[in-house]
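Encoded as structure tokens, the structure appears first; notes follow it.
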Amino acid sequence: MGETDRERWDRRWAAGEQGAGESPDWLGDLPEGLLPRTGRALDVASGSGAVALWLARRGLDVTAVDVSPVGLQRAARAAGEAGLVLRTRTVDLESDPLPHPDSGADSGPEAGWDVVTCFHYLQRALFPALAAALAPGGRLVCEIATVRNLERNARPPARFLLDEDELPTLCAPLEVAWFRQGWYEDRAVARIVARKV
Ligand SMILES: C[S@@+](CC[C@H](N)C(=O)[O-])C[C@H]1O[C@@H](n2cnc3c(N)ncnc32)[C@H](O)[C@@H]1O
């Protein structure tokens with residue numbers, strides 16, 4: 001039997017692999033108002049949690065989900081060392097539903113995440129669920145490599161790469177608030193902030 005995604009990523013995170021989204025600093029350079037400073041955020045395919053930790057540092061109340069418990073343990077440890085609060089949940093994004101925000105005063109039919117982030121994980125069929133998980137006005141924020149990345153880097157393989165200009169289409173019916181694609185630190189990526197109207 002082949003190695004499962006969970007086994008493969010557990011092994012990679014246990015070996016100390018750095019996450020592709022290890023420096024999500026461009027989030028801090030977004031125009032003021034595009035990315036909330038408060039509210040509840042869900043980071044999917046969080047890995048060792050670099051994006052989740054960045055959001056927690058910003059002031060958001062963050063839940064990190066991933067199929068790899070080892071990655072999530074690294075994220076939780078790093079959060080503890082930094083004095084940040086981070087919830088983690090082991091979730092297989094190919095078969096499990098996305099978690100809802102913890103119930104609170106504002107939970108109800110309109111409840112949802114204020115921010116959902118997805119960095120360097122491409123499962124096209126997941127996008128409708130990512131959009132549905134947002135609260136009204138919530139933001140979906142993604143960074144995913146594009147096929148042009150193969151011009152300089154052998155990994156990730158083509159099946160994990162976006163076509164050029166594909167990301168805004170995947171985010172529909174969300175409204176594209178900000179979109180860029182190009183070479184950043186020798187990787188070709190697409191970056192988006194899309195808003196639920
Ligand atoms: C390239 S890493 C990206 C990690 C992090 N978002 C970053 O940018 O550094 C891909 C992540 O997707 C996770 N993953 C792969 N398949 C998954 C699945 N079916 N469900 C949940 N997570 C999955 C892996 O465990 C891994 O942590």
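Side chains are part of it too, since the values below use all heavy atoms of this structure and drop only hydrogens, waters and symmetry mates.
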Q. Under the side chain to side chain contact (heavy atoms under 4.5 Å, CB included) criterion, do Arg12 and Glu7 qualify, and how do the steps go?
A. CA-CA 9 Å; Arg12 289 173 69 167; Glu7 289 164 341; over 6 Å; no
Q: For Arg124, look at atom CZ and say whether over 12 heavy atoms of other residues, nucleotides or ligands are found less than 6.0 Å away.
A: yes
Q) Are Val67 and Tyr121 in one and the same hydrophobic cluster, where Ile, Leu, Val, Met, Phe, Trp and Tyr link if side-chain heavy atoms are under 4.5 Å apart? A) no
Q.
Let's go through Arg11 and Glu17 carefully: what are the C-alpha distance in whole Å and the side-chain angles of both, what is the deciding distance for salt bridge (Lys or Arg N to Asp or Glu O under 4.0 Å) to 0.1 Å, and is it a yes or a no?
A. CA-CA 9 Å; Arg11 182 172 45 75; Glu17 175 149 331; over 6 Å; no
Q: With rounding to the nearest 0.5 Å, note down the distance linking CD1 in Ile192 to CD1 in Ile144.
A: 9.5 Å
Q) For Trp9, which of Ser68, Ser48, Pro69 qualifies under side chain to side chain contact (heavy atoms under 4.5 Å, CB included)? A) Ser68
Q) Charged N to carboxylate O under 4.0 angstrom, Asp66 versus Arg89? A) no
Q.
Between Leu162 and Val147, is the side chain to side chain contact (heavy atoms under 4.5 Å, CB included) condition met? List the steps.
A. CA-CA 6 Å; Leu162 289 165; Val147 284; over 6 Å; no
**Q.** Residues Glu175, Lys196: salt bridge by 4.0 Å N-O rule
**A.** no
Q) Does Arg155 make a cation-pi contact with Phe160, if we ask for NZ or CZ under 6.0 Å from the ring centre and within 45° of the axis? A) no
Q) Say you draw a straight line from CG of Leu167 to CD of Glu143; how long is it, rounded to the nearest 0.5 Å? A) 10.5 Å
**Q.** Arg152 to Trp183 six-membered ring, cation-pi geometry met (6.0 Å, 45°)
**A.** yes
(Q) Once rounded to the nearest 0.5 Å, what's the spacing between atom CD of Gln123 and atom CG of Leu130? (A) 8.5 Å
Q.
Under 6.0 Å between ring centres: does that hold for Trp54 and Trp26?
A. no
